[in-house]
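Okay, structure first, notes after.
Bear in mind that the values here come from a model prediction, so they are computed numbers and not experimental data. Every chain is numbered from 1, with letters handed out A, B, ... down the list of sequences.
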Protein chains: 2
Amino acid sequence: MSEPAATGNGRREVTVSDVAVAAGVSKATAARALGDYGAVSDAVRDRVLGAADRLGYRPNALARTMSTGRSNTLGIVVGDIENPFFAQATRGAADVAAAAGFDLILSNSDEDLETEAKAIGVQLAKRVDGLLVASASSVETENLRSVVDAGRPLVLFDRTAQGVEVDSVIAANRSGARELTSLLVDAGHRRVAFISTMTHPTDFDRSAVVATSSVAERIEGFLDALTAGGIEHPERHVHLNARREGVERMATRLLTGPEAVTAIVASDSLIALGVFRAARELGLQIPRDLSLVAFDDADWTGVATPGITVMAQPIHEIGAEAAELLIRRVRGDGRPPVTRVLKQHLVERQSVAPPASPG
Amino acid sequence: MSEPAATGNGRREVTVSDVAVAAGVSKATAARALGDYGAVSDAVRDRVLGAADRLGYRPNALARTMSTGRSNTLGIVVGDIENPFFAQATRGAADVAAAAGFDLILSNSDEDLETEAKAIGVQLAKRVDGLLVASASSVETENLRSVVDAGRPLVLFDRTAQGVEVDSVIAANRSGARELTSLLVDAGHRRVAFISTMTHPTDFDRSAVVATSSVAERIEGFLDALTAGGIEHPERHVHLNARREGVERMATRLLTGPEAVTAIVASDSLIALGVFRAARELGLQIPRDLSLVAFDDADWTGVATPGITVMAQPIHEIGAEAAELLIRRVRGDGRPPVTRVLKQHLVERQSVAPPASPG
DNA sequence: GGTTATGTTGAGACCGGTCTCAACCCGTTT
DNA sequence: AAACGGGTTGAGACCGGTCTCAACATAACC
């Protein structure tokens, strides 16, 4: 290779040194003019900027990062960017980041710990200034610890993590779930199912440690409401692992047979969609034959017939707030970690009614 | 400052040199063992890896990029990650990228040329190996040229660009729009509106150059169908700038008065949602009072009542295919640029019927 | 035994910026 | 005229990797 350093197509990048030579000044001076720091006389600045323009100089942000130690890049690890929840949260974070001069490196974890670990590893290797993570597990926290150990600011969103002392931004899931479920209990439902896609090694029981804190909180709220309604063994109404079985299949199973439920709490809008489809497939009318409530005010919940009653979350804000906290940390804020809990709010539509035959 | 180089919290990063000293070998040898290149004896490798592990060594991908010129990072510029179309395409691209060892830096352009320019500038500065762009304009292409001029591989998705010789992955929008619109014309509709949020300086006329090629193609297909149906001045049925007026407001305007349309083609699912809501607000029944068709098989189109007939696009594939082409370029493929055109397919539901009063 | 091939190692340049420090210029002060 | 001070400039180290090249050891060959 005789060429000094070439890009894919063989063109060499224009560097500060090139500009310096063209402008007849030292590299240091050219760098000052181009990087807009230190003192440079007006005449020289003009000459340098002119030369840079003529040569088509493009700064190399990586080289700058090498010497300053700041990359102006944040990492964000979400479950799945196709999930509207994460898309919205990411947008919220991206807006705040962009306004502060930061970029976002995006990774999908598919809610899998190993994938998440790999993603975090790469992000750290790329020297992101900080990391936003909706961790796949709030219990197994080695992934998160590795970030803290690496000395990188970390902010959790949507989910907290046990024993990891960092900022988090979450929603008030327990009270939201309680309120949502109470709607059903108060309407007279006794056989109410809670459905989540969250993977869990066993069936749910009271002692089970549910990995995703947001789901765990929702389950608690759900149980609160059932207990308050005097329903025995409320924990047997919690159904996890819906992804493995398939949401529609699980819903179909729960909606048929002698023990069929009369109401369902869907842990997110994607699950609710599956339930909705299953109900339609079975010829069940909502809310006459089935009452359905869910988390997240997704598009379709407002236009479906009937409209679905949902617990709306300030998703955009969750992402934005998390990014704000993270940027503050990156800038050196040393205050003790905070957990911001944002309010959810109920959007009542027409998917709740008393059960047809008292259960 | 007495510390050599510190992260935010003052901890110094462990480098190859540190590991080398700990293992009692030269920096070069340690680097070979850690970077898994060149020749290293097994004994030495073990010693180095052991030392690295003990010290908690984390490679610095940026430093590697500096010397190799490869960042293993791709840039992706979308209109808005919250838009399900872009979220899906991004996911498709992210999967392919991850499988090939690449990360994604994400930017939102908000369909604005200046924002897009800034995003592309930053991505280039961060030395992405290549760029995926759904360009805000297929006509004003300086943004895209800057990428080509910088010698970075570029792949366009969803939209092409005039005079920019790069790979593109798009859908067969014209024929799709023609088929979709024909459904309406064949059902007897004469007053059919096409609605897009795309910004355009004037009202649409035949000579207008519509900035976004995918929308332009859809308009052509729409006009094809109206013309084939013998409808005069079809171009006056094209309505742009819906974002400025508000989709629901525009739909309301078009659906009322003596000249009210009896059918609408929505350029994407978000617009269709606005139209759907406006129709409901006006007390119009679909398909009795209004026939509605749209692009993209969004969640809600299947569960709304009635189901909306849509032209589905292979969105995931668009993103995946684009990423594949890009990675191929990054790896040095020098073949002439290709344009991949993916098929759309019709999903017929219940939102089309003959007009109530022949128009 | 000398030469050649092969494998392993170390020294040091290099990528493209930033940053420290010393040198210098010129006007002002004493 | 000497000393001082602010504004500019240049030389060169540095960030943390990769990579070339030379040195050296050992094995294989004639």
Side-chain angles (χ1 to χ4, degrees), chain A residues 1-7 11-48 52 55-72 124-127 129 150, chain B residues 1-7 11-48 52 55-72 124-127 129 150:
Chain A
M1 250 194 266
S2 56
E3 293 295 305
T7 64
R11 211 175 334 338
R12 186 186 173 286
E13 306 274 349
V14 179
T15 72
V16 170
S17 297
D18 299 331
V19 175
V21 171
V25 298
S26 74
K27 179 184 162 193
T29 299
R32 275 187 282 257
L34 293 169
D36 202 30
Y37 62 90
V40 193
S41 67
D42 291 348
V44 169
R45 186 193 328 279
D46 289 351
R47 228 165 58 224
V48 172
L55 268 50
Y57 169 74
R58 284 187 170 281
N60 183 329
L62 268 43
R64 173 177 298 138
T65 298
M66 284 294 295
S67 45
T68 62
R70 294 274 317 270
S71 65
N72 285 311
L124 289 177
K126 294 203 170 151
R127 293 301 190 264
D129 288 334
Chain B
M1 250 196 267
S2 56
E3 292 296 305
T7 64
R11 210 171 344 332
R12 188 185 172 286
E13 307 274 350
V14 178
T15 72
V16 171
S17 298
D18 299 331
V19 175
V21 171
V25 298
S26 74
K27 179 184 160 192
T29 299
R32 275 187 282 257
L34 294 169
D36 202 30
Y37 62 91
V40 193
S41 67
D42 291 349
V44 170
R45 187 193 326 281
D46 288 351
R47 232 169 52 226
V48 171
L55 268 50
Y57 170 75
R58 285 187 168 282
N60 183 329
L62 269 42
R64 173 178 299 139
T65 298
M66 284 293 295
S67 46
T68 62
R70 294 275 317 269
S71 64
N72 285 312
L124 288 177
K126 293 201 171 152
R127 294 300 189 264
D129 288 333

Between the two end axes of the helix from C:dG1-D:dC30 to C:dT30-D:dA1, each built from 5 base pairs, what angle do you get to the nearest 10°? 60°
N/O to N/O distances under 3.5 Å, protein versus nucleotides 8-10 of chain D:
unit_1: D:dT9; atom_1: OP1; unit_2: A:S41; atom_2: OG; d: 3.0
unit_1: D:dT9; atom_1: OP2; unit_2: A:S41; atom_2: N; d: 2.9
unit_1: D:dT9; atom_1: OP2; unit_2: A:S41; atom_2: OG; d: 3.3
unit_1: D:dG10; atom_1: OP2; unit_2: A:S26; atom_2: N; d: 2.8
unit_1: D:dG10; atom_1: OP2; unit_2: A:S26; atom_2: OG; d: 3.0
unit_1: D:dG10; atom_1: OP2; unit_2: A:T29; atom_2: OG1; d: 2.8
unit_1: D:dG10; atom_1: N7; unit_2: A:R32; atom_2: NH2; d: 2.8
unit_1: D:dG10; atom_1: O6; unit_2: A:R32; atom_2: NH1; d: 3.3

Residues at least two apart in sequence or cross-chain that pass side chain to side chain contact (heavy atoms under 4.5 Å, CB included) with A:T68, listed by chain then number, are A:R64, A:R70
Using a 4.0 Å cut-off on heavy atoms, which residues in residues 60-67 of chain B reach DNA chain C? List them by number, or say none. B:M66, B:S67
Taking only residues two or more places apart in sequence, or in another chain, which ones meet B:T65 in a side-chain hydrogen bond (donor to acceptor under 3.5 Å, both in side chains)? none
side-chain hydrogen bond (donor to acceptor under 3.5 Å, both in side chains) partners for A:N60, two or more places apart: none
With sequence neighbours excluded, tell me which residues meet side-chain hydrogen bond (donor to acceptor under 3.5 Å, both in side chains) with B:S71. B:D129
Rounded to whole Å, the CG-P distance (B:D46 to C:dT8) equals 13 Å
Compare every heavy atom of A:L55 with every heavy atom of A:A22, then report the nearest pair and how far apart it is. CB-CD2, 4.0 Å
Pairs under 3.5 angstrom, nitrogen or oxygen only, protein versus nucleotides 4-6 of chain D, please.
none

On a heavy-atom basis, the closest approach of B:V16 and B:Y57 is CG2-OH, 3.5 Å
Under the side-chain hydrogen bond (donor to acceptor under 3.5 Å, both in side chains) rule, what pairs show up with a residue in residues 26-42 of chain B, not counting sequence neighbours? B:S26-B:T29
Quick test: give all pairs of protein nitrogen or oxygen and nucleotides 23-26 of chain C nitrogen or oxygen below 3.5 Å, distance rounded to 0.1 Å.
none

A:D46 (side chain) donor-acceptor with A:A43 (main chain) under 3.5 angstrom: no
Can you tell me how far apart CG (A:L124) and CZ (B:R58) are? Round to the nearest 0.5 Å. 5.0 Å
Applying a 4.0 Å non-hydrogen cut-off, can you work out what B:R127 is touching in the nucleic acid: base, sugar-phosphate, or nothing? nothing
Go through the structure and list residues passing side-chain hydrogen bond (donor to acceptor under 3.5 Å, both in side chains) with A:S17, not counting sequence neighbours. none
Regarding B:R58, tell me which of base, sugar-phosphate or nothing describes its non-hydrogen contacts under 4.0 Å with the strands shown. sugar-phosphate
N/O (side chain, A:Y37) to phosphate O (OP1/OP2, C:dT20) under 4.0 Å: no
To the nearest Å, give me how far apart NZ (A:K126) and P (D:dG17) are. 15 Å
B:A33 meets the side chain to side chain contact (heavy atoms under 4.5 Å, CB included) criterion, sequence neighbours left out, with B:V40, B:R45, B:V48, B:L49
